[in-house]
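Read the structure below first, then the notes.
Quick note on labels: first sequence line is chain A, next is B, and so on, each numbered from 1. The analysis underlying the following values was restricted to heavy atoms, covering all of them including side chains, and did not include hydrogens, waters or symmetry mates.
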Protein chains: 2
Amino acid sequence: MQDKGLRITKVRRALIQLFSEHSIPYTANQIEKKLFAIGILVNKTTIYRELQFLSQNGYITEVYLHSNEISYESAELKHHHHLVCESCGNVDDVINCLVSELNREIYQKKKFKIRTHTLEFYGTCAKCAHIKHIK
Amino acid sequence: MQDKGLRITKVRRALIQLFSEHSIPYTANQIEKKLFAIGILVNKTTIYRELQFLSQNGYITEVYLHSNEISYESAELKHHHHLVCESCGNVDDVINCLVSELNREIYQKKKFKIRTHTLEFYGTCAKCAHIKHIK
DNA sequence: ATTGTATTGCAACTGTGTTGCGTTTACACT
DNA sequence: AGTGTAAACGCAACACAGTTGCAATACAAT
């Protein structure tokens, strides 16, 4: 990492550790709270810049789960998609991906070259379905 | 539509017509410009409220194509997905959907009940690939 | 024409994310 | 260890999508 003349600061180290330990996507705000909880108080500008930095250098990738907030997750995760519970907001992963087969078909039909795609599922997780049942 | 005590105003009529004539998703800003172009000058608050209204009443549906802006498209369109060109921003449709088969599988494995899903492709459209080639 | 209420415009606000700039800090090199 | 330099930082101010409260207006039914 220092190959490119990049420095290892406490924020950068903490973020890399966070993303390597958890496969969940985080927003800038969630990260700010996570860092604060372990005693690291950082300006939000720094967090945004650090997320941009890590994203541009291929350490993390952007995920669009909600309309107006960008989430980030480790770039080292296997290609996968998300189960987003509309009740509690919890996010889980699905590894299966049938979509890759579509690439050739879409290029033949539309001459559109797919670089990447997003596939997100919205619904109710097991926990919330259970809670609703109890009520 | 008037059944529910709802009124037909010029903005509402124009929006319903816009969405019925075009199958493309529009953002609030794009709609503001479209309306202005046909001589309808509306406050942005009205547009946001009208989009909320049409969405809640099942006339249009939300689409998340870009990180920080909500797009809307007619709710009467067949279930489909989008080809978003990362070069010119143009949006095209794909009707095929292999994903529906996943619903049962995901419920069996994860007990997650899928209400809906999004599947968006990002890449380069034929036109832009051609332009790049010429340059 | 009158009236009740849905709809509108305006202004002020919220929240996410960005930019400019001066200061601090990590790290390489003496 | 001391020092120079560029990366990283904090702060303040900003940009932009979207929301809210409230008073004014417009629709449609009587």
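Side-chain contact between A:C125 and A:L83 is absent, with no heavy-atom pair separated by less than 4.5 Å. Between A:K78 and A:E76, every side-chain heavy-atom pair lies at or beyond the 4.5 Å cut-off. Residues B:T118 and B:V63 have side chains not in contact (no heavy-atom distance under 4.5 Å, counting atoms from C-beta outward). Side-chain atoms of A:F53 and A:L51, non-hydrogen and from C-beta on, never get closer than 4.5 Å to each other. Residues B:Y26 and B:S71 are not in side-chain contact: their nearest non-hydrogen atoms beyond the backbone lie 4.5 Å or more apart.
Two different hydrophobic clusters hold A:F36 and A:I31 under the rule that ILVMFWY side chains link at heavy-atom gaps under 4.5 Å.
The base of C:dG9 is paired with the side chain of B:R49 by a donor and an acceptor separated by under 3.5 Å.
Rounded to an integer number of Å, the gap from A:N57 CG to D:dA7 C1' is 13 Å. We find that CD of B:E32 is positioned 13 Å from C1' of D:dC16, with the value rounded to whole Å. Atom C1' of nucleotide D:dA26 and atom NZ of B:K10 are separated by 9 Å, given to the nearest angstrom. Distance CZ (A:R12) to C1' (C:dA26): 11 Å, rounded to an integer number of Å. Rounded to whole Å, atom P of D:dG10 lies 11 Å from atom CG of A:L35. One atom, CD of A:E50, and another, C1' of D:dG10, lie 14 Å apart when rounded to the nearest Å. Whole-Å rounding puts the A:I40 CD1 to D:dG10 P distance at 11 Å. Between the CD atom of B:Q56 and the P atom of D:dT19 there is a distance of 10 Å, given to the nearest Å.
Every side-chain contact (heavy atoms from CB on, under 4.5 Å) that A:Y107 has, sequence neighbours left out, goes to A:K111, A:K113. Remark: B:H80 pairs with B:H82 by the ring pair (Phe, Tyr, Trp, His ring centres under 6.0 Å) rule, at least two apart or across chains. A:R115 is linked by a salt bridge (Lys or Arg N to Asp or Glu O under 4.0 Å) to B:E86, counting only residues two or more places apart in sequence or in another chain.
Note on the helix from C:dA1-D:dT30 to C:dT30-D:dA1: terminal axis deviation equals 30°, with five pairs used at each end and the result rounded to 10°.
With 3.5 Å as the limit, one finds no donor-acceptor pair spanning the side chains of A:Q56 and A:Q52. Neither side chain, B:E50 nor B:Y48, offers a donor N or O lying under 3.5 Å from an acceptor on the other.
Nearest to the side chain of A:I8, among C:dG9, D:dA8, C:dC27, sits C:dC27. Nearest nucleotide to the side chain of A:T9, out of D:dA8, C:dG9, C:dT7: D:dA8.
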Classify every nucleotide of nucleotides 11-17 of chain C by which part a protein heavy atom approaches to under 4.0 Å, writing B for the base, S for the sugar-phosphate alone and - for neither, in 5'-to-3' order. B----BB

Protein N or O to nucleotides 1-4 of chain C N or O, pairs below 3.5 Å:
residue	atom	partner	partner atom	Å
C:dG4	N2	B:R7	NH2	2.8

